[in-house]
Structures are given as structure tokens and as C-alpha cells.
*Asks:* 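A single structure is presented below for examination.
If you're wondering where the values come from, they're calculated on a predicted model, not measured in any experiment. Numbered from 1 within each chain, the chains take letters A, B, ... in sequence-line order.
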2 protein chains.
Amino acid sequence: MPPPPTFTRKEREFQAREELILTHARRLLIDKGFQAWNMDQLAEAVEYSKGTLYQHFTSKEDLVLSVATASLKQRADMFEKAAAFRGLTRERCRAIGFACCEFAVSCPDYFHVEMMLKSTSFWEKASEERRQAHAFQGARCWRILNNIVVEAMALGDMPRDQFTPEQATFSLVSVTVGSHLMSQEPQLRVQAGITHPLLSVRRNQDLICDGLSWKPLLRDHDYTETDERILREVFPHAHLWLKADH
Amino acid sequence: MPPPPTFTRKEREFQAREELILTHARRLLIDKGFQAWNMDQLAEAVEYSKGTLYQHFTSKEDLVLSVATASLKQRADMFEKAAAFRGLTRERCRAIGFACCEFAVSCPDYFHVEMMLKSTSFWEKASEERRQAHAFQGARCWRILNNIVVEAMALGDMPRDQFTPEQATFSLVSVTVGSHLMSQEPQLRVQAGITHPLLSVRRNQDLICDGLSWKPLLRDHDYTETDERILREVFPHAHLWLKADH
DNA sequence: ATCTTTTTTGACTGTTAGTCAAAAAAATAA
DNA sequence: TTATTTTTTTGACTAACAGTCAAAAAAGAT
């Protein structure tokens with residue numbers, strides 16, 4: 001006998017409507033950012049009234065945070081897949097680097113929203129529930145990468161006498177976020193002569209790994225084959241940009 | 001005979017009032033962020049009417065951008081001082097690293113505003129004039145660091161066969177911004193066990209420099225004395241944190 | 001068919017960025 | 001000094017939008 005369904009029809013319909021709202025909100029975020037649309041427009045788009053939107057979300061910020069968390073969950077999922085790549089620890093880290101890039105392309109809204117998340121007033125307007133959901137997915141991403149670093153140190157692929165694994169993970173996270181952000185900046189892109197932003201991101205990750213003495217170093221090893229294997233095995237449906245970079 | 005003054009009394013008074021407005025706006029930005037104050041409150045604080053504020057700035061965003069540009073100018077000035085440090089190219093880069101940290105402390109509003117600058121709608125609301133002023137100071141910062149990198153390559157302190165100077169500069173900028181941002185994030189701070197955020201920033205800069213093979217590498221050279229000299233010669237009045245880190 | 005409960009709705013409120021006609025102040029002329 | 005013109009300042013007003021809530025509609029129970 002199957003267990004009784006956890007959700008009633010009503011609850012399922014409610015959830016489906018929430019999905020609908022989130023889908024439309026994401027579209028608006030991608031197309032227009034945060035300011036250039038309002039709740040009335042969203043209500044019209046989903047064909048429900050504004051009051052109904054507020055049955056799902058406590059504020060516009062709460063809604064947008066929810067969209068961001070959905071993206072972040074995708075990132076964590078991608079990280080998980082990448083971390084399962086079979087190879088040296090640094091190769092697995094590299095797979096995560098690819099995951100970052102694939103994520104940036106498939107969730108173009110995310111980095112824009114992440115900027116807003118730095119503002120205290122944004123968080124204050126979101127509900128505690130959504131804040132926790134976001135923190136949870138963030139922690140997943142962290143843990144996946146950190147586990148690889150821990151393993152690298154355990155296996156002797158990275159020296160353990162200079163940094164804690166957490167410090168090394170922090171460095172990788174910092175350089176990744178920073179590179180993504182900076183390579184979006186039009187002015188900097190011109191100054192630095194960046195034509196392939198995502199390639200810059202991965203190059204900076206390489207620099208940090210080399211700085212951390214994560215073996216094998218870039219100069220001691222040719223990662224071309226690794227990269228091809230990652231693309232084949234982990235991201236067979238990756239967006240074209242990944243190949244275009246090479 | 002002295003040359004006729006470029007500015008009339010009226011113009012000078014106008015400029016003085018602009019300073020006054022900017023000072024109060026910066027205070028509000030530091031204390032409350034962007035949202036939690038409005039133009040009426042600012043008008044009251046400076047003891048002028050709202051209409052007068054709009055004679056100086058085309059919008060709230062225009063005003064805030066102006067505050068940010070003033071900070072950015074300070075950063076460029078600090079960079080200039082740091083770049084004049086007498087020593088190896090990597091030591092001068094290190095001096096700039098310290099400048100970044102000193103800047104972060106003395107202009108705590110800046111990073112918060114920089115986040116908002118990522119949003120297109122923000123730029124759209126600012127005047128062309130202010131946009132250019134900001135770009136100008138940004139370019140100054142870039143040039144100062146880039147010049148050191150160029151010199152490092154010319155002197156053979158850094159290999160020139162792997163990266164252009166601009167790519168190397170971009171890496172340094174990325175890691176710096178990313179580290180500052182990430183070390184503000186409370187969640188990440190706990191996960192990574194960060195107690196001295198600014199120390200993490202400088203450590204990440206070191207990692208990138210090592211990754212770039214910028215000689216002398218961290219493991220080949222003790223920078224303790226350099227650091228002391230930088231603090232003494234370049235930032236004699238540096239905030240206490242700099243010392244507390246050690 | 002009637003009553004009760006739940007859900008949806010959109011007109012309404014409060015807030016705030018930005019405007020502009022009128023008032024005040026400053027400059028100029030008589 | 002006084003009258004007139006020009007410039008500057010002012011704050012009441014408008015428009016836009018997030019969020020609310022009483023009333024209407026729909027769903028469910030009897």
C-alpha cells in the first residue's frame with residue numbers, strides 16, 4: 001500500500017502556482033534587473049492579483065531571494081556532479097571551476113541578485129524561512145568544495161602546514177566571485193583586454209591553486225585532456241561557450 | 001599681480017555647500033546604507049531644502065555615486081603613495097595590498113556602494129558627468145597597479161610568457177575585490193573561520209602573486225621587514241587594525 | 001438550495017523620489 | 001535709498017510603487 005500523499009491537491013496547486021510566479025519573476029530579473037518592474041506587472045504576467053502574490057511571499061525582496069535560492073540550489077547540484085568526477089583532487093577542483101562557469105551561463109540572474117544580497121536592508125525584508133533556505137544551499141556549495149580541499153591535504157596533494165583547508169577554500173571562493181564580478185565590469189573588460197570572461201575566471205582559479213601548491217601544478221601538467229574529459233563526462237550538455245573558449 | 005580667481009565667491013560657496021551635502025550623505029551611507037534614509041532627511045540634516053539638493057545632483061543615485069567617487073579618489077591617492085615605495089616590484093605590489101586594506105577601513109561606505117554600482121539601473125539614474133568622474137578614478141587605480149606589473153615583467157621579476165601584464169593585474173584586482181566581499185559575508189566568515197578579514201585579503205593577494213611566479217616567492221623570502229617598512233614609511237598613521245593583524 | 005469557510009481581488013494607504021510655481025534673496029538700476 | 005530685475009531657494013505637489021485589507025467570489029459542507 002502506498003503511503004498517503006504528503007500533500008493535498010490544494011497544496012500541490014499552491015506549490016505549482018509558486019513555481020509559476022518564480023518562473024515569471026526570474027524572467028523579469030534577467031531581462032530588467034530588480035528595479036525596472038513592479039509587483040503589479042508581475043501579477044498581470046502570472047494572471048493573478050497582487051494580493052495573491054503576497055500569499056506566497058512577504059515582500060518583493062522575499063520573492064527575489066527565493067529566485068536566487070533556486071539558482072543557488074542548481075549551483076550546488078552542479079558542484080555535486082562535478083565533485084564526483086573521477087581523477088586527482090586538483091582535477092576535481094577544476095571540474096568545479098567548470099561548474100561555476102556553466103552556472104554563470106545558465107543562471108545569468110544570479111550574480112546580479114547576489115550583489116543585492118550584500119545590502120542589509122534586502123535581508124531584513126526577506127522572511128527568516130527564505131533566509132535559511134538560502135544559507136542552506138550556500139553551505140552545500142561550500143562543503144562540497146571544502147571536502148575536496150580536505151581530501152587534497154589528506155592525500156598530500158596540497159601542503160597542510162601553511163593553511164587550513166577552510167582558508168584554502170575561502171581563497172578559491174573569493175577569487176571565483178571576484179573574477180566573475182570584475183569580468184562583468186565593462187570598463188575593466190576593456191582595460192584588461194578580456195574577450196572570454198569565463199576563461200579569465202578559470203585562469204584565476206588556476207593561479208590560486210598554483211599559489212596553494214596544489215599538485216600537479218599548471219607548469220608540471222597538461223590539463224587539456226582533463227578539461228575534455230570534464231566536458232564530456234560531467235557537462236555533456238554544457239552551453240557552447242565552454243567549447244568556444246578553446 | 002595674481003591671476004584672476006577662477007571661481008567667483010558664489011561658485012566657491014556653491015562648491016562648499018556641495019561638500020557639506022556629500023559629507024552628510026556619506027555619514028548616512030555608512031550608518032544606514034542606501035535605502036534607510038531619504039532626501040528629506042538629508043535636506044533637514046544639511047539645513048537646506050530638498051529642491052536645493054537637486055541643484056547639485058540629478059538624483060539620489062547621482063549623489064551617492066559622487067560620494068563613491070570621492071572615496072575612489074582617496075583609494076587612487078593611497079595607491080599612488082604605495083606605488084612610490086622603494087623596493088622590489090613585489091614589495092611595491094605588497095604596499096598596494098596594504099593600501100587596499102587601509103582604504104577599506106577608512107572608507108567603509110565604499111564597498112557597499114560598489115555593489116550597487118553593478119546594477120544597471122543605478123548607473124542610468126546618475127549623470128554622465130559623474131559617471132565619467134568615477135571611471136577616471138577607477139582608471140587611475142588600474143594604471144598604478146598595472147605599471148608595477150609591467151615593470152616587474154620588464155625587470156624579470158615575473159615571467160612574461162604566460163600572461164600579459166593586464167591579465168596579471170586583472171587577477172590581482174579580482175582576488176582583492178572578491179576577498180573583501182567574501183570576508184564581509186557573515187556566513188562565510190564562520191565557515192572559513194575568519195577572524196581577521198583584512199589579513200585574509202592580503203593572504204589571497206600573496207597566493208595570486210605566487211601563482212604568477214612574482215619573485216621573490218613567499219617561500220623564498222621573509223616579508224616581515226618589508227611589511228614593517230611599508231607601515232612605517234607609507235602608512236604611518238594607519239588605523240590600528242593593521243598592527244592588530246600581526 | 002443554503003449556509004460556512006477559504007481564497008482571491010483590486011481599491012486604498014503610506015512612503016518617497018523628483019518637480020515646479022511661488023516666495024525670498026541678491027543684484028542692478030534709478 | 002528705493003524700485004526693478006534676476007537669481008536662488010523653498011516646500012507643497014505629483015507620480016510611482018510596495019504592501020494591506022475589507023469585500024466579493026469560489027469552494028466546501030450540510
*Asks:* Do A:Ser200 and A:Arg203 touch side chain to side chain, with heavy atoms closer than 4.5 Å?
*Replies:*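 Touching, per the 4.5 Å side-chain cut-off.
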*Asks:* Please tabulate, one pair per line, all N/O donor-acceptor pairs under 3.5 Å involving side-chain atoms of residues 72-80 of chain B, not counting sequence neighbours.
*Replies:*
| residue | atom | partner | partner atom | Å |
| --- | --- | --- | --- | --- |
| B:Lys73 | NZ | B:Asp77 | OD2 | 2.9 |
| B:Asp77 | OD1 | B:Arg140 | NH1 | 3.2 |
| B:Asp77 | OD1 | B:Arg140 | NH2 | 2.9 |
| B:Glu80 | OE1 | B:Arg140 | NH2 | 3.1 |
| B:Glu80 | OE2 | B:Arg140 | NH2 | 3.2 |

*Asks:* Taking the nucleotide of DNA chain D with the nearest heavy atom to each, does A:Met39 or B:Ser49 sit closer to the 5' end?
*Replies:*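 That would be B:Ser49.
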*Asks:* Choosing from D:dT20, C:dT19, C:dT8, which nucleotide comes nearest the side chain of A:Lys50?
*Replies:*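 The listed nucleotide nearest to A:Lys50's side chain is D:dT20.
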*Asks:* How close or far is atom C1' of C:dG18 from atom OH of B:Tyr48, stated in whole angstroms?
*Replies:*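 Checked: the OH to C1' distance equals 21 Å.
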*Asks:* In residues 125-134 of chain A, which ones come under 4.0 Å of DNA chain D, going by heavy atoms?
*Replies:*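 Correct list: empty, so none.
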*Asks:* Main chain of B:Lys125, side chain of B:Ser59: is a donor-acceptor contact present, judged purely on distance under 3.5 Å?
*Replies:*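 Yes: the side chain of B:Ser59 pairs with the backbone of B:Lys125.
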*Asks:* Run the side chain to side chain contact (heavy atoms under 4.5 Å, CB included) test on B:Gln184 and B:Arg189 for me, step by step, so that the C-alpha distance in whole Å, both residues' side-chain angles and the decisive distance to 0.1 Å come before the verdict.
*Replies:* CA-CA 7 Å; B:Gln184 308 278 37; B:Arg189 232 145 114 159; 4.3 Å; yes
*Asks:* Give the nucleotide from the list C:dG18, D:dA18, D:dT9 with an atom nearest to the side chain of B:Ser59.
*Replies:*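 In terms of side-chain proximity for B:Ser59, the closest of C:dG18, D:dA18, D:dT9 is C:dG18.
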*Asks:* Answer yes or no on whether B:Lys118 is positioned over the face of A:Phe111, meaning its NZ or CZ is under 6.0 Å from the six-membered ring centre and within 45° of the axis.
*Replies:*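 Output no; distance or angle outside limits.
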*Asks:* Check the distance between D:dC17's P and B:Gln35's CD and give it to me in whole angstrom.
*Replies:*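 Atom-to-atom, B:Gln35 to D:dC17, this comes out as 14 Å.
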*Asks:* Flag the pair B:Phe103 / B:Tyr110 as yes when their ring centroid distance falls below 6.0 Å, and as no otherwise.
*Replies:*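 For B:Phe103 and B:Tyr110, the ring centres are under 6.0 Å apart.
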*Asks:* Counting heavy atoms from C-beta on, name the nucleotide in C:dA17, D:dT9, D:dA18 closest to the side chain of B:Lys60.
*Replies:*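 Shortest atom-to-atom distance from the side chain points to C:dA17.
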*Asks:* Between atom CD of A:Glu114 and atom CD of B:Glu185, what is the distance when rounded to the nearest 0.5 Å?
*Replies:*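 Answer for the CD-CD pair, A:Glu114 versus B:Glu185, is 7.0 Å.
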*Asks:* Is the shortest heavy-atom distance from the side chain of B:Trp123 to the side chain of B:Leu65 under 4.5 Å?
*Replies:*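 Sidechains of B:Leu65 and B:Trp123: in contact.
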*Asks:* Strictly distance-based, threshold 3.5 Å: is any side-chain N or O of A:Lys50 a donor or acceptor partner for the main-chain N or O of A:Asp40?
*Replies:*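 Checking the backbone N and O of A:Asp40 against the side chain of A:Lys50, no donor-acceptor pair under 3.5 Å is found.
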*Asks:* Please report the end-to-end axis angle for the helix from C:dA1-D:dT30 to C:dA30-D:dT1, five pairs per end, rounded to 10 degrees.
*Replies:*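 Computed from the C1' atoms at both ends, the axes differ by 20°.
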*Asks:* Round to the nearest Å and state the distance from B:Asp40 atom CG to D:dT10 atom P.
*Replies:*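 It works out to 13 Å between those atoms.
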*Asks:* Measure CD/B:Glu44 against P/D:dT10 and give the value in whole Å, please.
*Replies:*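 From B:Glu44 CD to D:dT10 P: 13 Å.
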*Asks:* So if I take every side-chain heavy atom of B:Tyr54 and compare against D:dG19, C:dG18, C:dT16, which nucleotide ends up nearest?
*Replies:*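 For B:Tyr54, the side-chain atoms sit closest to C:dG18.
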*Asks:* What's the NE2-C1' distance between B:His56 and C:dG18, to the nearest Å?
*Replies:*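 Going from B:His56 (NE2) to C:dG18 (C1'), I get 16 Å.
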*Asks:* Could you please name the option among C:dA17, D:dT9, D:dG19 that lies closest to any side-chain atom of A:Glu61?
*Replies:*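 Selected nucleotide (nearest to the side chain): D:dG19.
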*Asks:* Among C:dT19, D:dT9, D:dC17, find the nucleotide with the atom closest to the side chain of B:Thr52.
*Replies:*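 Closest nucleotide to the B:Thr52 side chain: D:dT9.
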